[in-house]
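The structure under discussion appears below in the form of structure tokens.
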Protein chains: 2
Amino acid sequence: MPETWATLGVDLHLETTRAGGLRRGLTDALRDAVRTGRLAPGTRLPSSRSLAADLGIARNTVADAYADLVAEGWLTARQGSGTRVTERTPARPSSTPHPGRRTPSRPAYDLAPGTPDLASFPRTAWLKASRRALTLAPYDALGYSDPYGRVELRTALADYLARARGVRAHPDRIVICSGFAHGLMLLGQVLRARGLDSLAVESYGLPAHWRLLERAGLRTVPLGLDERGTRTEELAAGEPAGPRAVLLTAAHQFPTGGALHPDRRAAVVDWARRVDGLILEDDYDGEFRYDRQAVGALQGLDPDRVVYLGTASKSLTPGLRLGWLVLPPSAVDEVVAAKGGVDWSCGVLDQLTLAEFITSGAYDRHVRSSRLRYRRRRDALVAELARRAPSVRATGIAAGLHVVLSLPPGGEDAAQRAAAWHALEVHGLHGYRHPESTAERRDALVVGYGTPPDHAWTGALDALCAALAE
Amino acid sequence: MPETWATLGVDLHLETTRAGGLRRGLTDALRDAVRTGRLAPGTRLPSSRSLAADLGIARNTVADAYADLVAEGWLTARQGSGTRVTERTPARPSSTPHPGRRTPSRPAYDLAPGTPDLASFPRTAWLKASRRALTLAPYDALGYSDPYGRVELRTALADYLARARGVRAHPDRIVICSGFAHGLMLLGQVLRARGLDSLAVESYGLPAHWRLLERAGLRTVPLGLDERGTRTEELAAGEPAGPRAVLLTAAHQFPTGGALHPDRRAAVVDWARRVDGLILEDDYDGEFRYDRQAVGALQGLDPDRVVYLGTASKSLTPGLRLGWLVLPPSAVDEVVAAKGGVDWSCGVLDQLTLAEFITSGAYDRHVRSSRLRYRRRRDALVAELARRAPSVRATGIAAGLHVVLSLPPGGEDAAQRAAAWHALEVHGLHGYRHPESTAERRDALVVGYGTPPDHAWTGALDALCAALAE
């Protein structure tokens, strides 16, 4: 065994014949060594040059393997101090130098919902798409964009959304926005300009979204919730002054986790036709369904009555700030006007890269591997809870990046205190309940199993089970 | 001479010993061949593989040279149809497929102000920075950012702005925004929330900016203009109900092109101190001064009274959608609150890349080479006009990406008609005048000499001279 390698105490078997070749073999061997503790936290790895020399392989192969493992969070690279095994508690980068700002102490484990596994962001494939997009782009693609967003991305999305989500899309009906929140702000302005002063929402959702709408001048009116999903028939009660628009997470209610019943899907579209209304469909995690083929977007039922809102925040990363609206023809001009005369929001380089990422097939590949990753985590979570905390019930469909764990009355606060004790960040369901909702008040935890990187997942699951078993 | 090369009719002398080596030599030779017409528009180039074989050099060298020339606009790459010499009129990419949308016919030459030479965007250096930034970033840098923006970028900017623009900056006082317009929107909200209902502006400026402010609920009140710049003493007239905030392009008035007189720089800061007011300094092109060292930012005089607004739109490209505010401590929290609880606006990948681009020195290098490019163009424009249209006077300081050409009364409309006849896009000064301004009404053209790519510059200048000589 080569010398530098021997100092690490790692028994490395590079199987050069396996799929993926040397790089993959080295990456896997190193990951195993870290996972099992043979490479202790803080250990400094040999330089890529010396390790490559010892192993008799190309330096780039070692550098690539290191880069993969840095991306996944197993290793940490710092200029000037080389590459080290990440300390056991994933070291969140403190936002130094920030003398004047409070940086809240971070929990060791993070199961807060809303973020995908950032360590699995496909950096290499993204950079490749970026290189190709930037090499092929005509020079004036780099300037001010029109407010629709880059045509390359709208064209790629029209094809992808039709194929993957059953959305009836055409590039001309798509407007790019900087994530869901921006899209919702634009739609809020459009609805307000149409004279609406309220919007129906679900009983449970993200308070930040309700606040955005209220800032735009729209009151949010919660609909009820039962075992068939959001009680859309309350819309049809049809007071003339009732809301003529509704925001729905039809495929996977956020956060309670159900799917809207098929009867209600049809009925809410009928309602929109009857009252000249509009449905805003928040399809935040539509790609991730584990027990069956995902239910297509509601938008497919009536593209003239449904605005489809999609985002790269769950499928890739929220840091991209890229989302998209698929709009009824009548609404396109209104949204573009709300956005302003030129696109002041969305960077074109990421738009061009995402277009290339989608058309090259890399997006599909990433979604497939993410689906497998999250499905495995969900299965592990359900199995482990059944064993260690059998009184806790996982509810909702097998989909997305989070699960709702039902608790006995009064159990939510106790569970959150226990989680804090185990240095675990996890949200209670109460915080997602609309203040004016009349829906039943449930005690539950909203567990974002998609959030942690692979190297922290097992520890996070263990902490969760420990907290709930108490 | 190799065969494929011979078919192009190009006599290529690759001086392998010159600086930059083979790639640079090949790039220069090809550029010359296109410029002089030896390679006719539309000519299809040999594949990089076959040309490399013929020349006996590496394929990558040829591919890199092609990529450079595509980036500069001399060549056009289309998947499936290879690389061709760009057609003489720079083919603006039509936004096909857009059956339903009107695409206005593009002029052959574009001297509209407001955009840098997009063909000189440093694609290779940017991709390199992007690779490095994305390789080194810890995984959670890719997620939701706090509303300040990435600390890596704020740290790089604090250093750069102090050095290049004399800004007194600290990362904690910087907030990243998606370009100047977004920054202005945020500040508009802050001023409105402070109870202001009006803002002083300059007599000439961008109507789109005034509209943004008016949408935020602020009336814009134009100040006068004379040979010493904007008449800031009109602020000091000091009616109690007068505006307590002012938006200024102090270093290089947009578009009239003067610099604010030093006495007025000091006086306007005094005014702000006296009335508890705020100065918004729009430093859109502060890096580009040709006749002397650039005047430092007004912000340096009193960081507690001046908000500095900077942008990558002129120094790199507006397509990045990246700008920055350097704020008085009192205003930081207000701007962050206006931005929202998390950063819903600015993509982190471009932020991380720009941070790396700045700290690696690539930004300085690009600014230096751009300064040289624009300075040469400005000199050529002034010299050529003096020869061919001596009655036209170039006004304003030698700075930035545009020049104002003074015309005799009534000359503006005639010049614009003549320009249209020569397929030249150029703006008149009237369109930049605030509707309530009492400043003298001047006839002039606002010529954006930074806009065209190198290969179209000579033709654009020729069209301008022809239009003005009539």
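These values consider heavy atoms only, across backbone and side chains, with no hydrogens, waters or symmetry-generated copies.
Ranked by non-hydrogen atom pairs under 4.5 Å with chain A, the options B:D343, B:T115, B:L320, B:D350 are led by B:D350. Options A:T124, A:L352, A:T76, A:L212 differ in how many heavy-atom pairs under 4.5 Å they form with chain B, and the most are formed by A:L212. Chosen from B:R131, B:H182, B:M185, the residue pairing most often with chain A at heavy-atom distances under 4.5 Å is B:R131. Chain B forms the most heavy-atom pairs under 4.5 Å with one residue out of A:C346, A:A181, A:G143, and that residue is A:G143. The most heavy-atom pairs under 4.5 Å with chain A, out of B:V342, B:L127, B:T317, come from B:L127.
At least one side-chain heavy atom of A:L349 sits under 4.5 Å from a side-chain heavy atom of B:F121. Contact check for A:Y144 versus B:S313: side-chain heavy atoms found under the 4.5 Å cut-off. Here the side chains of B:R215 and A:Q189 are in contact, with some heavy-atom distance below 4.5 Å.
Counting only distance, with no hydrogens or angles, the side chain of A:S345 and the backbone of B:S345 share no donor-acceptor pair below 3.5 Å. A donor-acceptor pair under 3.5 Å links the side-chain atoms of A:R123 to the main chain of B:L134, judged by distance alone.
Neither the backbone nor the side chain of A:R211 comes within less than 4.5 Å of any heavy atom of chain B. At a 4.5 Å heavy-atom cutoff, A:C177 makes no contact with chain B through either its backbone or its side chain. Heavy atoms closer than 4.5 Å to chain B are found nowhere in A:S145, neither backbone nor side chain.
Once rounded to the nearest 0.5 Å, the distance linking CG of A:L142 with CG of B:D117 reads 10.5 Å. Atom CD of B:Q351 sits about 11.0 Å away from atom CZ of A:R321, to the nearest 0.5 Å.
When every heavy atom of A:A208 is checked against every heavy atom of B:W344, the shortest pair comes out as CB-CH2, 3.9 Å. Of all heavy-atom pairs spanning A:P453 and B:Y139, the tightest one is CG-OH, 3.1 Å. Here the closest non-hydrogen pair linking A:A67 and B:T135 is CB-CG2, 3.9 Å.
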